[in-house]
Chemist: 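This structure is in structure tokens; I'll ask about it shortly.
For clarity, every value in this text was computed on a predicted model and none was experimentally measured. Proteins come first, then strands; the chains are lettered A, B, ... in the order of their sequence lines, and each starts at number 1. Computed over heavy atoms, backbone and side chain alike; hydrogens, waters and symmetry mates excluded.
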Number of protein chains: 2
Amino acid sequence: MNRPPTIKDVAERAGVHAATASRALNPATRGMVNARTASRVAEAARALGYAPNSAARSLRTRTSSVAGVIIPDLRNPVFPPIVRGIEDGLRDAGYMALVGNTDGDPDRERELVTAMRGRQIDGFILATSRRSDELTSSVPTVLVNRRTDNGGIPSVTADNAAGIHLLVRHLTDLGHTRIGHVAGPRDLSTGWERYRGYLDATTSLGLEAATDAVEFAGAFTETAGHAATLRLLAAHPSLTAVLAGNDLIALGCYSALAELGRTVPGDVSVTGFNDMPFVDRQRPSLTTVRIPHYDIGREAARLLLERIASPTAPAKRVVLPVELVRRDSTAAAQS
Amino acid sequence: MNRPPTIKDVAERAGVHAATASRALNPATRGMVNARTASRVAEAARALGYAPNSAARSLRTRTSSVAGVIIPDLRNPVFPPIVRGIEDGLRDAGYMALVGNTDGDPDRERELVTAMRGRQIDGFILATSRRSDELTSSVPTVLVNRRTDNGGIPSVTADNAAGIHLLVRHLTDLGHTRIGHVAGPRDLSTGWERYRGYLDATTSLGLEAATDAVEFAGAFTETAGHAATLRLLAAHPSLTAVLAGNDLIALGCYSALAELGRTVPGDVSVTGFNDMPFVDRQRPSLTTVRIPHYDIGREAARLLLERIASPTAPAKRVVLPVELVRRDSTAAAQS
DNA sequence: TTGTAGGCGTTATCAC
DNA sequence: GTGATAACGCCTACAA
């Protein structure tokens, strides 16, 4: 239980001064030191099992090689693969992730940001932003999955518009012309961009009455999707297809349609968004758009490291491609 | 972009010495200081937006209020609620979680442990342990979900044996007497304890031939479960019920039985373990045992904090109760 | 190429 | 009850 070795111990063992040991151990300054002494120091460090004290290093250099990752709730199946991607992306650069959940509460988010700043975080990856957020962080920050309307902060998101276009195209290919939309919350870029994509796709394909065949779900949840679907079909009973804002909303569509005595896909086709785990095993299996969650996370980590290296470079907005996954919840329209 | 305020700034503004400010701000030492100066300091800190520099504090106190959480893979649906529970449990005490994934690789695990130690972690929560691991950490450590055979390290797990008893009892109540087991890996406490529970329950209920009606799946995955189920039914074609090591293995049972032309639950009843998300929506919905993932995480955090406070107290092994969830994958045995 | 010295911000110890 | 001081371990001008 004796103290871990310090750089002084290493220096002593190698017969040099602490400053020399420090230079020898740091790749960036290794060149300043005689190659033979350098390897002697390295050997001593290895023998002692020396690991630099990061608190001391942070205090001195004002960097920590730690990134703060703030998400709404890890239990939402969208986030685990994203966080995993972030972790893997950070690891390559020797960074680690401090993870915090907000449950969508802005106060909680502020608390977390403050607490993490106090811990000398080098940067933030936020998955919690609303479209209207005006983030003015002095710390390098990257948005993931969601983004703000204001493009000042780098972000990594899926191509929501393209995904919706793929779905609408898939449905029109099946002969559908009366396609409704159960949209996600308007204040989140995911909900909003998919809604805009729906408007674009339907109008550009010349489908009538699309603009008002929309209901907004209060949240990306099954229950909110259920309620919104009931409202949508009450107003538009003749719809033959429903585009849901995401997979959970689509599951809400399933139950609402069942409640209304409509079959999927016999009477109404339903589509989701995200391709979260196990939607391929629902009854019926869900036609949806696959978004590359893990890659989104990894890319966000890359962007953050880039940003830390050059904080004043212009903010990139990376949009990753998505993929249509045809399954059994969509079928030819009944005429 | 000027430097964040230090305790010296706060002291100056309050007209006291830095040491006094430090005492005033620290709840533990607040008593040493005059109440009026204390509140003057607090006010100055608030006005300046002072947040202590945790690197300096860590350097001085050798504590960081950060815990390392090491898991196999966040994408395994068991872990998100556990990690979330840990995070919530730590937060109450002002701790944060540094999360790392190992993919079950012991080398990777060692790397992570070393790296986190270098970061002045106050303790570890490990979800990666194998039964045979001999952990001899000088840092407070708690095992979660899995544990080692050697009881020297505190752990928080679900009551696997009780869960299996509930399932076996449920099946015998339905008239089953020929119950097989597709077990999880023997080297993990989860797989092992459920296997032992199966032996106990079947023998204590006087079911014949139970001991050899077991196949071990190579992993807690659907494919491993599928393969093991085929082996089990080849050797024991007359089984009317299969107890799977966990939910994913149970899904493998489903597909294997379908491949063999047996219906669930008509020909064979199947049970899982964990009650992971969406198994209630499989066809058929899965009878399983619900384990309190979130509470397990929270309790692990509590235990770790306790351990940090008194590192030499005897190691508790906390076992949390589980609950039978009856669904459609089990039915009365055909006679 | 290597050694010396000072300081990062905080807290513990000692003196008043 | 408060102030002065030193030390935690590391890094980096600057000096040699």
Chemist: Assuming nearest nucleotide by heavy-atom distance, tell me which of Thr61(B) and Val33(B) is located more 5' along DNA chain D.
Modeler: Val33(B)

Chemist: Base, sugar-phosphate or nothing for Ser58(A)? Non-hydrogen atoms, less than 4.0 Å.
Modeler: nothing

Chemist: Between dT10(C) and Arg60(B), counting only base atoms on the nucleotide and side-chain atoms on the residue, is there a donor-acceptor pair under 3.5 Å?
Modeler: no

Chemist: Judged by each residue's nearest nucleotide on DNA chain D, which is more toward the 5′ side, Thr20(B) or Ile7(A)?
Modeler: Thr20(B)

Chemist: Counting side-chain heavy atoms from C-beta on, which of dG9(C), dC10(D), dG3(C) comes nearest to Val16(A)?
Modeler: dG3(C)

Chemist: If you assign Ala18(B) and Ala56(A) each to the DNA chain C nucleotide with the nearest heavy atom, which residue ends up on the more 5' nucleotide?
Modeler: Ala56(A)

Chemist: Would you give the length of the straight line joining atom CG of Leu112(A) to atom CD1 of Ile70(A), rounded to the nearest 0.5 angstrom?
Modeler: 5.0 Å

Chemist: Does the base of dG1(D) carry an N or O that pairs as donor and acceptor with the side chain of Arg36(B) under 3.5 Å?
Modeler: no

Chemist: Using atom CG of Leu25(A) as one end and atom P of dC10(D) as the other, report the distance to the nearest whole Å.
Modeler: 9 Å

Chemist: Is there a donor N/O on one and an acceptor N/O on the other, under 3.5 Å, for the side chain of Arg40(B) and the base of dT2(D)?
Modeler: no

Chemist: One pair to check against salt bridge (Lys or Arg N to Asp or Glu O under 4.0 Å): Arg298(B) and Asp92(B). What are the steps and the verdict?
Modeler: CA-CA 10 Å; Arg298(B) 248 195 122 98; Asp92(B) 300 340; 2.7 Å; yes

Chemist: Side chain of Ser22(B): nearest nucleotide among dT11(C), dG9(D), dT2(C)?
Modeler: dT11(C)

Chemist: If I take atom CD in residue Glu12(B) and atom P in nucleotide dA4(D), what distance separates them, rounded to the nearest angstrom?
Modeler: 13 Å

